[in-house]
**Q** 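Quick one: the structure is below, and I'll ask about it shortly.
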Amino acid sequence: MPHTASRYLAEGHRVGLRHFTHADGAEFTARARESKDLHHPWLFPPDSQGEYAAYAGRLIEDPTKAGFLVCEKEADGALAGFININNIVEGGFLCGALGYGAFAHAAGRGLMREGLDLVVRYAFGPMRLHRLEINVQPGNAASIALARACGFRLEGFSPKMLFIDGAWRDHQRWALTSEMTKGR
């Protein structure tokens, strides 16, 4: 289904951001299946309609989550990847934890960099967050490069932080605050 620019929350030169919808299930799951080799062992996006319905439902309905699809503008809005802000805390914290993944056909083309920059601006603008965090397994060089390229700073190391693919995995903690983006 083509996606028009009017549906984008934010736009860059090559990508637009929009929220997840239930109607995106077929394209998302097909892209996830095509991208299994790229994603393994770092992440496991839903690759069946049932899994997608539950996943998208949480992103759509849960106020502590915000899901964004990175869409290629020149490819009729084809899904290039996804970026989610999870564990959104309001009040004095105003923080969220980012998770993201490119789809194989879009990997290495700079589309996720543009998309993550848009999500950062959206999070620090309309969402009024103050801090974003990214937790990355130390061996995930592509994810670390994306965090670094978008201005996130390495803040620390968390041993056995998340249970992924059958084991507790170590993670590096990267963060960015709204003050760090002033003048960019």
Side-chain angles (χ1 to χ4, degrees), residues 2-3 5 7-21 24-25 27-47 52 55-56 59 65-88 96-127 129 131-154 162 164 169 171-178 180-181 184:
H3 308 290
R7 293 183 61 195
Y8 294 137
L9 300 166
E11 287 186 68
H13 295 294
R14 298 183 301 151
V15 302
L17 289 182
R18 63 181 181 78
H19 287 298
F20 279 72
T21 70
D24 294 307
E27 182 180 2
F28 189 99
T29 57
R31 298 281 188 203
R33 287 189 301 273
E34 293 167 359
S35 304
K36 278 190 183 282
D37 290 342
L38 175 67
H39 293 155
H40 186 80
W42 317 116
L43 72 150
F44 301 87
D47 63 0
Y52 177 83
Y55 177 77
L59 291 169
K65 300 179 185 312
F68 302 93
L69 294 169
V70 178
C71 305
E72 289 186 74
K73 289 168 42 176
E74 290 187 10
D76 291 327
L79 302 184
F82 55 96
I83 303 169
N84 301 328
I85 306 176
N86 300 298
N87 306 323
I88 298 170
L98 290 170
Y100 47 78
F103 291 124
H105 76 282
R109 295 174 42 209
L111 301 174
M112 290 300 291
R113 162 77 192 269
E114 189 175 328
L116 185 53
D117 282 339
L118 291 171
V119 168
V120 165
R121 283 199 295 270
Y122 191 81
F124 292 155
M127 291 181 72
L129 295 179
R131 177 183 172 87
L132 293 170
E133 299 177 355
I134 298 171
N135 294 295
V136 182
Q137 292 179 61
N140 190 342
S143 189
I144 290 170
L146 180 58
R148 184 178 283 123
C150 290
F152 285 76
R153 69 175 172 227
L154 178 63
L162 291 173
I164 299 172
R169 307 290 178 179
H171 281 71
Q172 292 180 354
R173 292 186 322 275
W174 293 77
L176 183 68
T177 64
S178 58
M180 293 167 62
T181 65
R184 282 179 30 179

**Q** Does the Asp117 side chain pair with the main chain of Glu114, one donor and one acceptor, at a distance under 3.5 Å?
**A** no

**Q** How long is the span from the CD1 atom in Ile88 to the CG atom in Leu129, to the nearest 0.5 Å?
**A** 6.0 Å

**Q** Before you tell me yes or no, could you show the steps for Asn84 and Phe20 under side chain to side chain contact (heavy atoms under 4.5 Å, CB included), namely the whole-Å CA-CA distance, both residues' side-chain angles and the distance that decides it to 0.1 Å?
**A** CA-CA 10 Å; Asn84 301 328; Phe20 279 72; 3.4 Å; yes

**Q** Grab the two heavy atoms, one from Asn86 and one from Gly99, that are nearest each other, plus how far apart they are.
**A** ND2-N, 4.3 Å

**Q** Output yes when Glu72 and Arg109 qualify as a salt bridge under the 4.0 Å nitrogen-oxygen rule, no when they do not.
**A** yes

**Q** Apply side chain to side chain donor-acceptor pair (under 3.5 Å) to Arg121 and list each qualifying residue two or more places apart in sequence or on a separate chain.
**A** none

**Q** Would the distance check show the side chain of Arg33 and the main-chain N or O of Asp47 forming a donor-acceptor pair, the cut-off being under 3.5 Å?
**A** yes

**Q** Looking only at atom types and distance, does a side-chain atom of Arg169 sit under 3.5 Å from a main-chain N or O of Ile164, one as donor and one as acceptor?
**A** yes

**Q** State, to 0.1 Å, how close Gly12 and Lys73 come at their nearest heavy-atom pair, and which atoms those are.
**A** O-NZ, 2.6 Å

**Q** From the options Met112, His39, Glu27, Glu34, select the one residue that forms a side chain to side chain contact (heavy atoms under 4.5 Å, CB included) with Phe103.
**A** His39

**Q** Restricting to non-hydrogen atoms, name the atom on Gly77 and the atom on Tyr8 that form the minimum distance, rounded to 0.1 Å.
**A** CA-OH, 3.6 Å

**Q** From Leu59 CG over to Thr21 OG1, what is the distance, rounded to the nearest 0.5 angstrom?
**A** 11.5 Å

**Q** Roughly how far, to the nearest 0.5 Å, is the CD atom of Gln172 from the CZ atom of Phe152?
**A** 14.0 Å

**Q** Which atom names give the shortest non-hydrogen contact between Ile85 and Ala123, and what distance separates them?
**A** CD1-CB, 3.9 Å

**Q** Does Ala149 offer a backbone N or O that forms a donor-acceptor pair with the side chain of Arg113 under 3.5 Å?
**A** yes

**Q** Quick check on ring-ring contact (aromatic ring centres under 6.0 Å, His included): which of Tyr52, Phe68, Phe28 does Phe82 satisfy it with?
**A** Phe28

**Q** Of the non-hydrogen atoms in Leu111 and Val70, which two are nearest, and what is the gap between them?
**A** O-CG1, 3.9 Å

**Q** Go through it in stages, so that I can follow the logic: the residues are Glu133 and Asn87, the test is side chain to side chain contact (heavy atoms under 4.5 Å, CB included), and I'd like the CA-CA distance, side-chain angles, deciding distance and then a yes or no.
**A** CA-CA 10 Å; Glu133 299 177 355; Asn87 306 323; over 6 Å; no

**Q** Please table the atom pairs, donor to acceptor, closer than 3.5 Å between any side-chain atom in residues 135-148 and protein atoms at least two apart or in another chain.
**A**
{"residue": "Asn140", "atom": "OD1", "partner": "Ser143", "partner atom": "N", "Å": "3.2"}
{"residue": "Ser143", "atom": "OG", "partner": "Tyr100", "partner atom": "OH", "Å": "2.9"}

**Q** Report yes or no: does His19 contribute a side-chain atom to a donor-acceptor pair with the main-chain N or O of Gly67 at less than 3.5 Å?
**A** yes

**Q** Can you list the steps and then say if Leu79 with Cys71 is a side chain to side chain contact (heavy atoms under 4.5 Å, CB included)?
**A** CA-CA 5 Å; Leu79 302 184; Cys71 305; 3.9 Å; yes

**Q** How long is the straight-line distance from SG of Cys150 back to CG of Leu132, given to the nearest 0.5 Å?
**A** 11.0 Å

**Q** Looking at CD of Glu74 and NE2 of His13, how far apart are the two atoms once the value is rounded to the nearest 0.5 Å?
**A** 11.5 Å

**Q** With rounding to the nearest 0.5 angstrom, report the CG to CG distance, Leu118 to Leu9.
**A** 10.0 Å

**Q** Specify the closest pair of heavy atoms between Pro46 and Ala32, including all atoms of both residues, with the distance to one decimal.
**A** O-CB, 3.4 Å

